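Working notes for the structure below.
Along the sequence shown, residues are numbered consecutively beginning with 1. All values derive from a computational prediction rather than experimental measurement.
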Amino acid sequence: MATPTKTSPPPFVHLHLHSEYSLLDGGNKLNRLIQHVKDCGMDAVAVTDHGNLYGAVEFYTKAKAAGIKPILGIEAYVAPEDRTHKQPTGIADGGFHLVLLAENNTGWKHLLKLSSDSFRNGFYYKPRMDKSTLTQWADGLIAINGHLGSSIAYHLTQYVQTGNDAHYRAAIEEAKWHATTFQPNENGEPRFYIELQRHNTEEQERINPHLIKLARELDLPLVADNDAHFLTADDWDSHDSLCCISMAKLKSDPSRLHYPKQLYVKSPQEMFDRFEDVPEALENTAKIAARCNVTLDFDANHAPVVQVVKRDDALSRDPQGSAPTAPVGSTEWFEAFCRQFELLPFDAEANPDLD
C-alpha cells in the first residue's frame, strides 16, 4: 500500500453508516451525506441502516446521480438462538448486530429475503434474523462482525471482564461460524471480516487488541469503519437531541446514554490517522467497495406473477359465498367474492404453456 500524502489520501470507504432511515438513531440525511462524501474525495459509500432497507432505493438513485457508488447493506439484528423464540433471556434479546453488504444482485435479493423474514417471523423488540436464515441466504453477501453490539464483541467483553478463557474460545467459535457461513467467493475473495472501530469508547478499545489477535489466529481479514451516525463533528448535538427523543430522556439527564462524539463521517485522512498501525484494515474497505456491484433495474416490472385459480367447490358456484345477505360492494361481499379464487406461485420456466 502506498504511503499516503496530503495530496493523495489513503483509500478508504465508509462501510458502516446510518442514514435518517435508522429511525431516531441515524442523523445522516442522504443529500448532505452524498455531497460530503464527494467533498472528502471518496467515490463510494455504504448505508447500513438498523434492521431495515427503507432508504435503499432513495440512496441508490441519489448516489448514482451524483457519481458516487452506492453500497447497499444493513446492520442486522441477529437473534442469539432461534428467531421465533420470543421470550426474554437477558442476552441480546433484540439481537446481536451484524453488518451485511450486498456484493452482487444475488446478495441484494438475499438481503431483501432476510429483511422481510426478520420482520415477519423474527420480530421481538427488533426485526431479527438468526443463524438458520443467514445460512440459507448467505450467498452474495459480505459480513462484518466486531463492534460492541456484535456477537464476537459480546464474548470478548466477557473475556476482558472475567479473564475466563472460555469466553475467548466462544469468540473464536463465533468467528469460525461466520467464516464458514460466509466463505470466500468464486474468486477466492473473503466474505467475512473482523471489524475494528476506534472512536474513544473505552469498552471498544479494550477488546480491539483481542479482535486483532483473533483475526491473526484464524487468518481472517480486518476492516476499519467508524459506525457513522451523523455527518460532521458539529452535528453531534443535534444527533444527541434525536437520541433523547428516541429514549424519551431529557438532555439534562446525566444518567442517559451519550453517543461518542467521534461517530461522524470522517475523511480518509482522519481514518488513516486512527488506523495507521493496521493499514490493511483501511485498504480492505476500498477492496470491498470495488467488489460490491449491485444494479437495480427500475424500468422492469417487478410485480409478483401469480396464477389465479377458480376454486371448484360450493363457494365458486355461489359468488355470495358465506355472505348471501351482504350488500353488493360492501367489504363483506368483496371478501366473500375473493374467496372464490386462489393465488398460486407461478414459474414461467416450469409452465411455458401458461405464460
Side-chain angles (χ1 to χ4, degrees), residues 12-42 44-56 58-59 62-63 66 68 70-77 94-101 125-127 144 146-150 153 195-205 208 224-271 273-275 285:
F12 176 76
V13 176
H14 282 279
L15 299 178
H16 186 164
L17 183 147
H18 297 278
S19 79
E20 59 200 290
Y21 288 96
S22 285
L23 305 179
L24 294 180
D25 189 27
N28 285 304
K29 291 186 176 294
L30 293 176
N31 287 335
R32 288 187 63 209
L33 168 67
I34 292 166
Q35 186 59 51
H36 181 73
V37 166
K38 293 185 71 172
D39 293 343
C40 288
M42 294 177 280
V45 67
V47 165
T48 56
D49 283 314
H50 275 306
N52 74 77
L53 299 169
Y54 301 154
E58 181 183 356
F59 166 59
K62 288 184 173 180
I68 296 295
I71 301 170
L72 302 178
I74 193 172
E75 183 170 12
Y77 298 107
F96 288 118
H97 295 193
L98 179 68
V99 172
L100 297 172
L101 305 174
Y125 294 100
K126 306 288 185 180
I144 299 173
H147 88 286
L148 279 178
S150 70
E195 179 180 24
L196 289 180
Q197 294 183 358
R198 290 175 176 170
H199 37 64
N200 300 342
T201 302
E202 184 177 355
E203 295 84 356
Q204 183 74 55
E205 295 297 337
N208 277 344
D225 60 53
N226 204 51
D227 194 6
H229 280 252
F230 43 94
L231 197 64
T232 70
D234 292 338
D235 292 316
W236 178 85
D237 187 65
S238 60
H239 179 263
D240 186 57
S241 299
L242 186 71
C243 293
C244 285
I245 296 171
S246 171
M247 297 180 289
K249 298 287 187 178
L250 295 175
K251 292 196 71 164
S252 58
D253 184 349
S255 64
R256 67 178 174 83
L257 173 68
H258 291 82
Y259 272 59
K261 294 188 175 182
Q262 295 294 320
L263 297 185
Y264 63 92
V265 184
K266 289 185 168 74
S267 69
Q269 189 63 55
E270 286 177 297
M271 291 299 292
D273 291 342
R274 287 185 172 258
F275 292 93
T285 67

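- Judged purely by atom type and a 3.5 angstrom limit, K62 has no side-chain atom pairing as donor or acceptor with the backbone of L30.
- When the ring pair (Phe, Tyr, Trp, His ring centres under 6.0 Å) test is applied to F275, no partner is found at least two apart in sequence or on another chain.
- Residues satisfying the side chain to side chain donor-acceptor pair (under 3.5 Å) criterion with S267, sequence neighbours excluded, are E270.
- No more than 12 heavy-atom neighbours from other residues, nucleotides or ligands sit within 6.0 angstrom of NZ on K29.
- For the pair L33 and L231, the minimum side-chain heavy-atom distance is below 4.5 Å.
- In terms of the ring pair (Phe, Tyr, Trp, His ring centres under 6.0 Å) criterion, residue partners of F96 (sequence neighbours excluded) are, by chain and number, Y154.
- Listed by chain and residue number, S19, S22 satisfy the side chain to side chain donor-acceptor pair (under 3.5 Å) test with D49 (two or more places apart in sequence, or in another chain).
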Would you please test Y54 and L23 for side chain to side chain contact (heavy atoms under 4.5 Å, CB included) and show each step?
CA-CA 10 Å; Y54 301 154; L23 305 179; 4.2 Å; yes
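- In summary, R256 and D240 engage in a salt bridge, as defined by a charged side-chain N under 4.0 Å from a carboxylate O.
- A44 and I71 make their closest contact through CB-CD1, 4.4 Å (heavy atoms, listed as atom of the first residue, atom of the second, distance).
- Y264 carries K266 over the face of its six-membered ring, with the cationic atom under 6.0 Å from the centre and within 45° of the normal.
- The ring pair (Phe, Tyr, Trp, His ring centres under 6.0 Å) test applied to H36 returns no partner, not counting sequence neighbours.
- No more than 12 heavy-atom neighbours from other residues, nucleotides or ligands sit within 6.0 angstrom of CZ on R32.
- Only one option out of V47, V45, L17 pairs with N28 in a side-chain contact (heavy atoms from CB on, under 4.5 Å); it is L17.
- The side-chain heavy atoms of H14 and D225, taken from C-beta on, include no pair separated by under 4.5 Å.
- Side-chain atoms of D227 and Y259 form no donor-acceptor pair, as typed in the model, at a separation below 3.5 Å.
- Looking at H199, R198, Q197, R274 one by one, the single match for side chain to side chain donor-acceptor pair (under 3.5 Å) with Q262 turns out to be R274.
- Listed for the S246 side chain is no donor-acceptor partner under 3.5 Å among the backbone atoms of L242.
- Closest approach of Q204 to L148, counting heavy atoms only: OE1-N, 3.1 Å.
- Side-chain atoms of E75 and H16 form a donor-acceptor pair, as typed in the model, at a separation below 3.5 Å.
- Residues T285 and F12 share a closest heavy-atom pair of OG1-CA, 3.3 Å.
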Any chance you could lay out the side chain to side chain contact (heavy atoms under 4.5 Å, CB included) test for L263 and H18, step after step, and finish with the verdict?
CA-CA 10 Å; L263 297 185; H18 297 278; over 6 Å; no
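- Here the closest heavy-atom approach between residue L15 and residue A46 is recorded as CA-CB, 3.7 Å.
- Qualifying side chain to side chain donor-acceptor pair (under 3.5 Å) partners for S255, counting only residues two or more places apart in sequence or in other chains: D253.
- Q35 and N31 form no side-chain donor-acceptor contact under 3.5 Å, judged by distance and modelled atom types alone.
- Across I74 and N52, no two heavy atoms sit closer than the pair CD1-N, 3.5 Å.
- When every heavy atom of A63 is checked against every heavy atom of I34, the shortest pair comes out as N-CD1, 3.5 Å.
- In this structure, H97 and Y77 have perpendicular ring planes: the angle between them is above 60°, well past the 30° mark.
- In terms of modelled atom types and a separation under 3.5 Å, the side chain of H147 and the main chain of L98 share no donor-acceptor contact.
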